[in-house]
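Have a look at the structure below, then the notes.
Whatever order the structure lists them in is the order used to number ligands and atoms, beginning at 1.
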Amino acid sequence: MTSLFIPTETSPSETRVAATPETVSRFVRQGVQVLVERGAGAAASYTDAAYEEAGATLCGPEAWESAEVVAKVQPPSMEEAAWLSKGCLLVCMVIPSAQQELVKALQAGGVTCLALDLVPRITRAQSMDVLSSQATISGYKAVLLAATHLGKLCPLLMTAAGTVKPAKVVIFGAGVAGLQAIATARRLGCVVEATDVRLAAKEQVESLGATFIEVEGAEDLEDEGGYAKEASEEFLQRQREEVARRVAEAHIVITTAQIPGRAAPVLVPEEMVRSMQDGSVIVDLAVESGGNCTLSKPDEVVTEHGVTIVGTKNLPATVPADASNLFSKNVLALLKPFIAEGALTLDFEDEVIAGCVLTHEGAVTHAPTAELLSNDEVEA
Ligand code: NAD
């Protein structure tokens, strides 16, 4: 019987948990022994009693050293990583390029790490995709945050005291977060326009009742993986000109534009912020990768030129119950195919596992990360 440990998250402001009572009971039904650290779900409103009822055994942090599988949301701290036993399986989010010391520690400790950020974005793996499930939450929460910072109503209201015009929203980037932001803003009654460098996004934007901002001479900047390629400075300039008028009239601007492995493109420079109406709001979801707005600050809400700019980093952690609900189902979907009679045996030939295994048996198995680490060694 494989033992699966769900620790309490220790990163500041992390409120999510990698298993809920629902997913615990599904692991237990598969014959897995689930150990949940006391209080692990408290910040997401999942009580110890609910985990026990679902079949988990409550425990303390000593399970870090004995469990065969550890599933968590954030990467472990260096101290936590040192507790993991050789051959242990760790399942969590890791951005390897940003956590090179941790990757080296996991490699040296003989830990097998499945990095949830690396799960291939193929149709079969959609149910395992934490980037999508958590981006959906970020897109939703970004609109609610903007609406609460805005001193104006979102929908068209016709009242005896007069008519309130709907709020105008401009969304940069129509990927998973951007599309959810469009849908949420539309549900609040806003008038929404959106832009993206991938032409495939146009149809999706329009199907949600928003207007796609066309950039003249737009070439399709979508790569084989469905992600955006880096746009030329010339394209970005044309895009800025095209959106400038809309941004100047907007009440809310939400930016979600990212390019994997690169700094986020600058789409809202200071002069664009200056052109906006007093009291309008920008929410920059790309703040962690450098920001789409030059004035946004990580984990701060600042006011510049009369515009409130929200740079809250971990928005899914502000909706911990459902963020954990979806995250834990992604983890279950990833591991369940490999559980038989209570024992977890990964198939490293499987396309999804092969795509997301970061370290295994003392080696860094993710080729781009291995290359990055060896380049660093050569430079050192
Ligand atoms: P992301 O977080 O990497 O980027 C967000 C959006 O920003 C993307 O739509 C990107 O095109 C856009 N962007 C980048 N540079 C821009 C610029 N200069 N101006 C405007 N927009 C810009 O993307 P994501 O949300 O992770 O999704 C990327 C793609 O992957 C989408 O096509 C999505 O449908 C696809 N996807 C597929 C699966 C799957 O099949 N399993 C799962 C999730 C996402």
Side-chain angles (χ1 to χ4, degrees), residues 93 95 97 116-140 142 170-183 192-208 210-244 246-247 253-269 272 283-294 313 315-316 326-327 329-330 333-334 351-352 355-356:
M93 297 199 292
I95 300 174
S97 56
L116 293 169
D117 302 76
L118 301 179
V119 166
R121 296 187 103 179
I122 54 174
T123 306
R124 179 166 75 81
Q126 276 180 353
S127 60
M128 311 163 196
D129 186 355
V130 298
L131 293 182
S132 290
S133 72
Q134 305 304 296
T136 300
I137 291 176
S138 298
Y140 163 85
V170 174
I171 294 178
F172 288 83
V176 180
L179 290 174
Q180 185 53 239
I182 294 171
V192 185
E193 294 179 287
T195 176
D196 200 297
V197 290
R198 293 178 302 106
L199 293 183
K202 180 179 190 303
E203 203 184 315
Q204 292 164 330
V205 165
E206 289 173 348
S207 73
L208 291 169
T211 305
F212 189 72
I213 304 170
E214 307 256 6
V215 178
E216 203 197 305
E219 35 175 338
D220 194 4
L221 293 171
E222 178 160 335
D223 70 11
E224 321 69 60
Y227 286 104
K229 289 191 264 186
E230 199 163 22
S232 63
E233 190 41 49
E234 192 200 347
F235 176 90
L236 290 175
Q237 184 52 35
R238 272 204 308 276
Q239 185 188 39
R240 281 195 280 269
E241 285 162 15
E242 199 56 55
V243 294
R246 277 111 161 166
V247 168
V253 169
I254 294 180
T255 68
T256 75
Q258 311 248 26
I259 299 145
R262 301 281 172 115
V266 171
L267 303 177
V268 185
M272 209 183 262
V283 180
D284 189 348
L285 289 187
V287 70
E288 262 183 282
S289 40
N292 294 140
C293 173
T294 44
K313 280 197 312 203
L315 283 185
L326 299 181
F327 189 100
K329 284 185 179 148
N330 295 144
L334 178 68
E351 187 183 6
V352 177
C356 71

Please report the interatomic distance [atom1]([X]) to [atom2]([Y]), rounded to the nearest 0.5 Å.
X: M93; Y: N330; atom1: CE; atom2: CG; answer: 10.5 Å
X: I254; Y: S138; atom1: CD1; atom2: OG; answer: 11.0 Å
X: M272; Y: T294; atom1: CE; atom2: OG1; answer: 9.5 Å
X: T255; Y: N292; atom1: OG1; atom2: CG; answer: 4.0 Å
X: L267; Y: R240; atom1: CG; atom2: CZ; answer: 7.5 Å

Step through the shown structure and confirm whether more than 12 heavy atoms of other residues, nucleotides or ligands are within 6.0 Å of CD1 on I122. yes
Counting neighbours of CD on E203 that are heavy atoms of other residues, nucleotides or ligands and sit closer than 6.0 Å, is the number greater than 12? no
What protein heavy atom sits nearest [atom], and how far away is it?
atom: atom 1 (P) of ligand 1; answer: Q258 CB, 3.9 Å
atom: atom 8 (C) of ligand 1; answer: D196 OD2, 3.5 Å
atom: atom 17 (C) of ligand 1; answer: V197 CG1, 3.5 Å
atom: atom 3 (O) of ligand 1; answer: Y227 CD2, 3.6 Å
atom: atom 22 (C) of ligand 1; answer: A257 CB, 3.5 Å
atom: atom 30 (O) of ligand 1; answer: G226 O, 3.8 Å
atom: atom 42 (C) of ligand 1; answer: D129 OD2, 3.2 Å
atom: atom 37 (C) of ligand 1; answer: R121 CB, 4.2 Å

Side-chain donor-acceptor pair under 3.5 Å between S289 and R262, yes or no? no
Atoms of ligand 1 less than 4.0 Å from [X] heavy atoms?
X: L236; result: 18 (N)
X: Q126; result: 39 (C), 40 (O), 41 (N)
X: L267; result: 18 (N), 19 (N)
X: P265; result: 15 (N), 18 (N)

Does the pair F212 and D196 meet the rule for a side-chain contact (heavy atoms from CB on, under 4.5 Å), with working shown? CA-CA 8 Å; F212 189 72; D196 200 297; 4.1 Å; yes
Please say whether [X] places an N or O atom under 3.5 Å from an N or O atom belonging to ligand 1.
X: Q239; value: yes
X: V176; value: yes
X: T123; value: no
X: S132; value: no
X: G175; value: yes

Salt bridge or not for E233 and R238, using N-O below 4.0 Å? no
Check this for me: does any side-chain nitrogen of one of K202 and E206 sit under 4.0 Å from a carboxylate oxygen of the other? yes
Side-chain heavy-atom pair E241, V215 within 4.5 angstrom cut-off: no
Tell me whether T256 contacts the main-chain N or O of G173 through its side chain, where contact means a donor paired with an acceptor under 3.5 Å. yes
Looking only at heavy atoms, is any part of A174 under 4.0 Å from ligand 1, and if so is it the side chain, the backbone, or both, or is it neither? backbone
Which one holds for I122 and ligand 1: side chain close, backbone close, both close, or neither close, with close meaning a heavy atom under 4.0 Å? backbone
Is atom 10 (C) of ligand 1 less than 4.0 angstrom from at least one protein heavy atom? yes
Heavy-atom distance from atom 35 (C) of ligand 1 to the protein below 4.0 Å? no
